[in-house]
Amino acid sequence: MSSRTPVIAGNWKMHKTISESEAYMRELVALIAAATEVEIVVCPPYTSLVQVKQIATGTPVRVAAQNMHFEPSGAFTGEISQPMLQEIGIDDVVLGHSERREYYAENDDDLAKKVVAALAAGIRPILCVGESEDEREGGKTGDKLSEQLRGGLAGVNADQLAGMVIAYEPIWAIGTGKTATPQTAQETIAFIRTALADMFGQDAADAVRILYGGSVKPDNIGELMAEADIDGALVGGACLAADSFAGIVNFRQKG
Ligand code: PGA
């Protein structure tokens, strides 16, 4: 693990009503009270953002949206914009999750605009990248990641990159129980950091936090966090119960 402050983010996806979200947050806040030197991020569905932010205020927990449109307003049925998130104090936004790319045809051009819009609003982007199983087996992982980074970060400068979070999520590891080995995750994240150094310079690449995502659980977070370039995790399934997510946040207490 490096000197970069780790980020542990829980992506709730399409789970939890408002009342379920409130109960979860009350439990989580108590369980992570002793956590220090780790940034904790929860990503509830839109309907719960207001209530979750209210409970998170005054605690170390940051609140993220799971997506955002790049325009501030307009005729975009079903979309949510940056001023809407800003007004309720949202800290971060997950952009380009592989489920958004796969099911809702999000592309790198749209993502580049979303990243710029989020940065302009002071909302920190958590930009997701990752290869499919076929791409990994076909030796195309590097090309795919480089393309997603160049595309999604097209409008960003080095200072902005340094403050962002990138999440490396191999599609074959998401929700499958098939975690990348710590070695594979480390090698791929080191590749991403080198690609970012080529694009933005070494200082920005050394500063940006790069997370691993894909079947992270309380019992594998320790070995992932032991790797030099892995700065945290974006957690799906294992974040849905507060005690399980807290077990990941509190990875240092595992001995
Ligand atoms: P998972 O999801 O932890 O359930 O594999 C990760 C993600 O999609 O962010």
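The chain is numbered in sequence order, starting from 1. We count ligands from 1, going down the list as the structure has it; atoms in each ligand are counted the same way. The structure displayed is predicted, hence computed values, not measured ones.
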I'd like a table of the close N/O pairs between ligand 1 and the protein (anything under 3.5 Å), one pair per line with both atom names and the distance.
unit_1	atom_1	unit_2	atom_2	d
ligand 1	2 (O)	K13	NZ	3.4
ligand 1	3 (O)	S215	N	3.4
ligand 1	3 (O)	G236	N	2.8
ligand 1	4 (O)	G237	N	2.8
ligand 1	5 (O)	G175	N	2.6
ligand 1	5 (O)	S215	N	2.7
ligand 1	8 (O)	K13	NZ	2.7
ligand 1	8 (O)	H97	NE2	2.7
ligand 1	9 (O)	H97	NE2	3.3
ligand 1	9 (O)	E169	OE1	3.3
ligand 1	9 (O)	E169	OE2	2.7

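- For the residue pair H69 and Q82, no side-chain donor N or O sits within less than 3.5 Å of a side-chain acceptor on the partner.
- In terms of modelled atom types and a separation under 3.5 Å, the side chain of Y212 and the main chain of A180 share a donor-acceptor contact.
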Please tabulate, one pair per line, all N/O donor-acceptor pairs under 3.5 Å involving side-chain atoms of residues 24-42, not counting sequence neighbours.
unit_1	atom_1	unit_2	atom_2	d
Y24	OH	C239	O	2.6
E39	OE1	R124	NH1	2.8
E39	OE1	R124	NH2	3.0
E39	OE2	R209	NH1	3.4
E39	OE2	R209	NH2	3.2

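- In the hydrophobic clustering, Y104 connects to Y103, either directly or through intervening members, whenever side-chain heavy atoms lie under 4.5 Å apart.
- Under the rule for a salt bridge (Lys or Arg N to Asp or Glu O under 4.0 Å), D110 has no partner lying at least two apart in sequence or in another chain.
- In the model, T179 has no side-chain atom that pairs as donor or acceptor with a side-chain atom of S215 under 3.5 Å.
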